Structures are given as C-alpha cells and as structure tokens.
Peer 1: 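Here's a structure for you.
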Amino acid sequence: MKIATYNVNGINGRLPRLLEWLEESQPDIACLQEIKTSNETFPLEAIHGAGYGAIWSGQKSYNGVAILARDATPVERLRELPGGVDDTHSRYIEAEVDGVVVASLYLPNGNPQPGPRFDYKLAWFERFNQHAKSLLKEKRPVVLAGDYNVVPTDFDIYDTRSWLNDALLQPESRAAYAALLKQGWTDAIRAKHPDERIYTFWDYLRNRWPRNAGLRIDHLLLSPDLAAHLVDANVDREQRGKEKASDHAPTWVVLG
DNA sequence: ATGACTTTCACCGAAAGA
C-alpha cells in the first residue's frame, strides 16, 4: 500500500499537475493540503475521473485538506482536530481506508515569530499531539501525513542561516515535533534514509529549486505496528521541477 | 530592513505562504 502527502498549494490551479502525478505515482491514498478552495468548488469530478474517491474540508482562499483513495471513498472519522475553540481554519481531516486510519494535516506556519501566529501554531501542535496520543491508544494502524511546517533538525535543511528566525526552525516547534515522535511514532522518510539529505519544499523565491535549497517539512508518521511494515519511502522530486509546480513535492511511503 | 515568487479573491492590490 502506497500512501502519499502533497501540499498542492491550490487544488484548482494545480489540477493538471495533480492529475498527472496521480497517474504517474498511483498512490493508494493521497493526503492533500492547502487545497485553498471552498467545499463547493472542490474538483470532485476530475478526481473521480482519475479513479479516486475523496473527502475534504475546504476553506475559501486558505488552508483546506483532503484525503483521496484509489477506487474507494475514505470513511470519514473527523473533519477537525478535537479541542479547538474558535478555530476556524480547515487544517485536519481523518478517515479510515482499507483498515488503516489516515490523517491529513496542515500545521500552522506560525510566522512571524514571536507573536499570535506563532502562539496559534504551538497551541495547534499541542492539540495535535494530544490527539495523536489518543490514536496510539486505539492500537490500530495509523498514518499521520501532512505539512507539519517543522524542520526537525539542521540536517533537514540546506543551510540554516536564512531561517534562524523562522517559525519552522524554532526550538519550540522542534520540541513539539520531538515530543510527538517520542510517543512512539516513526518518521518514515528519516527511518528509511537516516544519512541522506532529503527535502520536500523549495521556496519559489531566490532560485531555491535550481539551487536545491530545500527544507524537509512534509512528514509521514507511522504507528508502531505500521512502522514494522515500512518497505520504502521517498519524495517525488521531479514534480517540483515541472511548469506551474507547487512549492512542495509529493512525499510517500510504501507499506508491505 | 526590504523584497524577491506564487496563489487566491476580486478587481489590479492585499493577504498569506515558509
């Protein structure tokens, strides 16, 4: 089973790229972030045409997440992260597909920091970690896939110099991610490639794709039982080099 | 310190992204 996460940066504007990638990569499950569309304008017909069922939690202009499943419709479990009071952002959706619990999450960026946006990021992260803990208690196969907006270590970025004040590298952000892993989750890309620099995002600015000045911020976390079945994990880097590409590349795992 | 690039909405500039 192949499960992917892909921050599309606008699903309608990105639709040709998304459909090409689905055809080329053939994921069984695709978790999407930043669909940037209201629920009414989600391109369901095109997704169906590609052979996928879908559930989504949209929001006009910003945020928005979805879960696609090949030849199946994901069975929705949640369409928002529990514990949110006055949280109007569409950043979380969770479903069951083929016996696996799958979450598609879009963790807040948090810039500028310090400030209310960074406070929101850390609060959202804390809520997410609490929910993740409750998922582990279910003792079921779970994949937490998405754009975490965290560069876990200095090994996950080309160079820290331009990013030292960025919310993605702050000690608080990294501590929250480390605490999540410590619950028992496996960072699939890092588990499969412990000694390789791997990136999932290259900013549109400053020629960062041609320079391979990337960051690893899209992650797939596996529950302990699933981690034992990890066969492969990687990034579809070539998608980032296409015309009208998202600034993120699809990232995936294969579970045997 | 700022802006560079891209998407969205909506009306050509603003907001947000990371």
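The chains referred to below are lettered A, B, ... by the order of the sequence lines, with proteins before strands, and numbering in each begins at 1. Keep in mind it's a predicted model, so treat the numbers as computed, not measured. Side chains included, hydrogens not; waters and symmetry mates left out as well; all remaining heavy atoms used.
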Peer 1: Roughly how far, to the nearest 0.5 Å, is the CG atom of Asp187(A) from the CG atom of Leu221(A)?
Peer 2: 5.5 Å

Peer 1: Roughly, in whole Å, what's the span from CG in Asp247(A) to P in dA4(B)?
Peer 2: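 Answer to the nearest Å: 17 Å.
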
Peer 1: Side chains of Tyr158(A) and Arg208(A) only: does a donor on one sit below 3.5 Å from an acceptor on the other?
Peer 2: yes

Peer 1: Using whole Å, report how far CG of Asn7(A) lies from P of dA16(B).
Peer 2: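 Those two atoms, CG and P, are 17 Å apart.
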
Peer 1: At under 4.0 Å between heavy atoms, how does the protein contact nucleotides 6-13 of chain B? Give one character per nucleotide, 5' to 3', with B, S or -.
Peer 2: SBSSS---

Peer 1: Ignoring backbone atoms, test whether Arg206(A) places a side-chain nitrogen or oxygen under 4.0 Å from the OP1 or OP2 oxygen of dG3(B).
Peer 2: no

Peer 1: Using atom types as modelled and distance alone, determine if a side-chain donor or acceptor of Gln170(A) lies under 3.5 Å from a backbone N or O of Asp166(A).
Peer 2: yes

Peer 1: Output the rounded distance in Å from OH (Tyr106(A)) to P (dA16(B)).
Peer 2: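 Answer to the nearest Å: 12 Å.
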
Peer 1: Is Lys2(A) salt-bridged to Asp28(A), going by a charged N under 4.0 Å from an acidic O?
Peer 2: no

Peer 1: In this structure, how many angstroms lie between the P atom of dA15(B) and the NE2 atom of His89(A), rounded?
Peer 2: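 The answer, rounded to whole Å, is 15 Å.
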
Peer 1: When you compare the side chains of Gln239(A) and His248(A), does any donor N or O come within less than 3.5 Å of an acceptor on the partner?
Peer 2: no

Peer 1: When all nucleic acid strands are considered with a 4.0 Å heavy-atom cut-off, which category describes Arg208(A): base, sugar-phosphate, or nothing?
Peer 2: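 The answer is nothing, as Arg208(A) stays clear of every strand by at least 4.0 Å.
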
Peer 1: Within the 4.0 Å heavy-atom criterion, would you say Asn63(A) contacts the bases, only the backbone, or no part of the nucleic acid?
Peer 2: nothing

Peer 1: Would you classify His248(A) as touching base, sugar-phosphate or nothing, given that sugar-phosphate means primed atoms plus P, OP1 and OP2, and contacts are heavy atoms under 4.0 Å?
Peer 2: sugar-phosphate

Peer 1: Please give the distance between the C1' atoms of dG13(B) and dA1(B) as a whole number of Å.
Peer 2: 22 Å

Peer 1: Could you tell me whether Leu168(A) contacts a base, only the sugar-phosphate backbone, or nothing, with contacts defined as non-hydrogen atoms closer than 4.0 Å?
Peer 2: sugar-phosphate

Peer 1: Mark yes or no for whether Asn129(A), through its side chain, and Glu126(A), through its backbone, hold a donor-acceptor pair below 3.5 Å.
Peer 2: no

Peer 1: Let me know the distance between NZ of Lys121(A) and P of dG17(B), rounded to the nearest Å.
Peer 2: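 Checked: the NZ to P distance equals 10 Å.
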
Peer 1: What distance, rounded to whole Å, do you find between the two P atoms, one in dC5(B) and one in dA10(B)?
Peer 2: 26 Å

Peer 1: For atom C1', what is the distance between dC12(B) and dT6(B), given to the nearest Å?
Peer 2: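 The same atom, C1', in both gives a distance of 16 Å.
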
Peer 1: Under 4.0 Å, heavy atoms only, any strand: does Arg91(A) hit a base, just the sugar-phosphate, or nothing?
Peer 2: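 Result for Arg91(A) = sugar-phosphate.
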
Peer 1: For the side chain of Arg79(A) and the backbone of Trp56(A), is there at least one donor-acceptor N/O pair under 3.5 Å apart?
Peer 2: yes

Peer 1: Measuring only the P atom in each nucleotide, how far is dA14(B) from dG3(B)? A whole number of Å is fine.
Peer 2: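 Between the two P atoms, the distance is 11 Å.
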
Peer 1: Quick one: on DNA chain B, does Asp147(A) or Leu205(A) contact a more 5' nucleotide (nearest heavy atom)?
Peer 2: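 This one resolves to Leu205(A).
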
Peer 1: Hey, would you say the Tyr177(A) and His219(A) ring centroids sit under 6.0 Å apart?
Peer 2: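 Yes, the ring of Tyr177(A) comes within the 6.0 Å limit of the ring of His219(A), centre to centre.
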
Peer 1: Separation of Leu215(A) atom CG from dG17(B) atom P, in whole Å?
Peer 2: 16 Å

Peer 1: Check the distance between dA4(B)'s P and Asp203(A)'s CG and give it to me in whole angstrom.
Peer 2: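 To the nearest whole Å, that distance equals 13 Å.
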
Peer 1: For nucleotides dT2(B) and dC11(B), find the distance between their P atoms and express it as a whole number of Å.
Peer 2: 28 Å

